[in-house]
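Nothing here was measured: the structure is a model prediction, and the numbers come from that model. Reckoned from all heavy atoms, side chains included, excluding hydrogens, waters and symmetry mates.
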Amino acid sequence: MSNGTLTFDELPGAVSSLVNLVRELANEVKELRAQLTSENHSRKSTTGFIGINHACEILGLAKSTVYRLAQGGKIPAYKGPEEKSWRFIEAELIDHIRENKRQSSILSFAEMESEISRGTRGKSTYLR
């Protein structure tokens with residue numbers, strides 16, 4: 001490599017190095033996510049109940065919508081037989097959001113790598 005540019009012959013080696021670096025980064029991200037998940041689960045046991053206002057802030061929804069979702073069992077919510085107001089656990093609401101978020105339309109690294117190795121050309125499918 002001279003003057004910071006790659007020759008055609010050096011290109012496969014550079015791509016291979018980048019692929020390896022991205023794999024290492026992906027593994028580190030997985031490890032960090034696992035650590036965060038385990039921390040969230042350990043916090044869950046010490047978390048108390050929150051009210052409707054805080055639940056609305058977390059979910060980004062109006063009170064009427066949160067009431068309707070709670071009554072329909074669509075979100076984790078608690079209400080005793082003689083109680084008038086709904087109660088929520090913050091960690092459960094956050095987990096609910098994470099579990100029910102829409103899947104990204106962007107291809108994963110493995111999908112992109114697969115397309116590259118197949119020699120896909122023409123219209124880009126990286127953003128669907």
Side-chain angles (χ1 to χ4, degrees):
M1 183 159 73
S2 60
N3 299 332
T5 59
L6 291 173
T7 66
F8 184 77
D9 293 335
E10 295 170 325
L11 190 58
V15 170
S16 177
S17 295
L18 285 173
V19 168
N20 288 333
L21 285 172
V22 170
R23 281 191 182 127
E24 289 174 14
L25 286 172
N27 288 333
E28 288 181 29
V29 168
K30 284 180 188 177
E31 290 174 16
L32 289 171
R33 283 184 179 159
Q35 288 174 358
L36 287 173
T37 301
S38 67
E39 287 176 14
N40 285 341
H41 288 296
S42 65
R43 278 190 224 148
K44 199 183 272 189
S45 61
T46 60
T47 304
F49 287 104
I50 60 171
I52 186 74
N53 291 331
H54 194 169
C56 290
E57 289 176 20
I58 292 169
L59 297 169
L61 300 171
K63 277 186 183 180
S64 59
T65 304
V66 174
Y67 281 130
R68 184 172 32 83
L69 292 172
Q71 288 171 342
K74 305 274 185 186
I75 59 173
Y78 305 90
K79 184 176 177 183
E82 299 299 318
E83 294 178 350
K84 292 184 179 183
S85 60
W86 286 98
R87 298 180 297 160
F88 307 87
I89 296 177
E90 183 174 358
E92 288 182 354
L93 291 176
I94 293 170
D95 287 345
H96 175 76
I97 292 168
R98 283 188 185 127
E99 292 168 5
N100 293 298
K101 72 178 181 179
R102 291 183 182 147
Q103 293 296 321
S104 173
S105 61
I106 299 174
L107 295 177
S108 71
F109 176 73
E111 291 169 325
M112 284 188 247
E113 187 178 29
S114 171
E115 284 193 9
I116 290 170
S117 67
R118 281 194 319 236
T120 305
R121 293 183 181 243
K123 184 178 177 184
S124 174
T125 58
Y126 294 122
L127 295 175
R128 291 183 192 173

Trainee: With sequence neighbours excluded, give me every side chain to side chain donor-acceptor pair (under 3.5 Å) pair touching residues 53-66.
Mentor: Asn53-Lys63

Trainee: What residues, two or more places apart in sequence or in another chain, satisfy side chain to side chain contact (heavy atoms under 4.5 Å, CB included) together with Ala34?
Mentor: none

Trainee: For Arg68, give me all partners under salt bridge (Lys or Arg N to Asp or Glu O under 4.0 Å), at least two apart in sequence or on another chain.
Mentor: none

Trainee: According to the side chain to side chain donor-acceptor pair (under 3.5 Å) rule, which pairs have a member within residues 11-20, sequence neighbours left out?
Mentor: none

Trainee: Quick one: side chains of residues 22-29, donor-acceptor pairs under 3.5 Å with protein atoms, not counting sequence neighbours, listed by atom name and distance.
Mentor:
unit_1: Arg23; atom_1: NH2; unit_2: Glu113; atom_2: OE1; d: 3.4
unit_1: Arg23; atom_1: NH2; unit_2: Glu113; atom_2: OE2; d: 2.7
unit_1: Asn27; atom_1: ND2; unit_2: Arg23; atom_2: O; d: 3.4

Trainee: List in chain and number order the residues that pass side chain to side chain contact (heavy atoms under 4.5 Å, CB included) with Ile97, two or more places apart in sequence or in another chain; answer none if no residue qualifies.
Mentor: Ile58, Leu59

Trainee: Work out which heavy atom in Cys56 is nearest to a heavy atom in Val66; give both atom names and the distance.
Mentor: SG-CG2, 3.8 Å

Trainee: Please name all residues satisfying side chain to side chain contact (heavy atoms under 4.5 Å, CB included) with Leu11, sequence neighbours left out, ordered by chain then number.
Mentor: Leu6, Val15

Trainee: Name each donor-acceptor pair under 3.5 Å that joins a side chain in residues 70-89 to protein atoms two or more places apart or in another chain, with its distance.
Mentor:
unit_1: Tyr78; atom_1: OH; unit_2: Glu92; atom_2: OE1; d: 2.6
unit_1: Tyr78; atom_1: OH; unit_2: Glu92; atom_2: OE2; d: 2.9
unit_1: Glu83; atom_1: OE1; unit_2: Gly80; atom_2: N; d: 2.8

Trainee: Give, for atom CD of Glu90 and atom CG of Asp95, the distance between the pair rounded to the nearest 0.5 Å.
Mentor: 10.5 Å

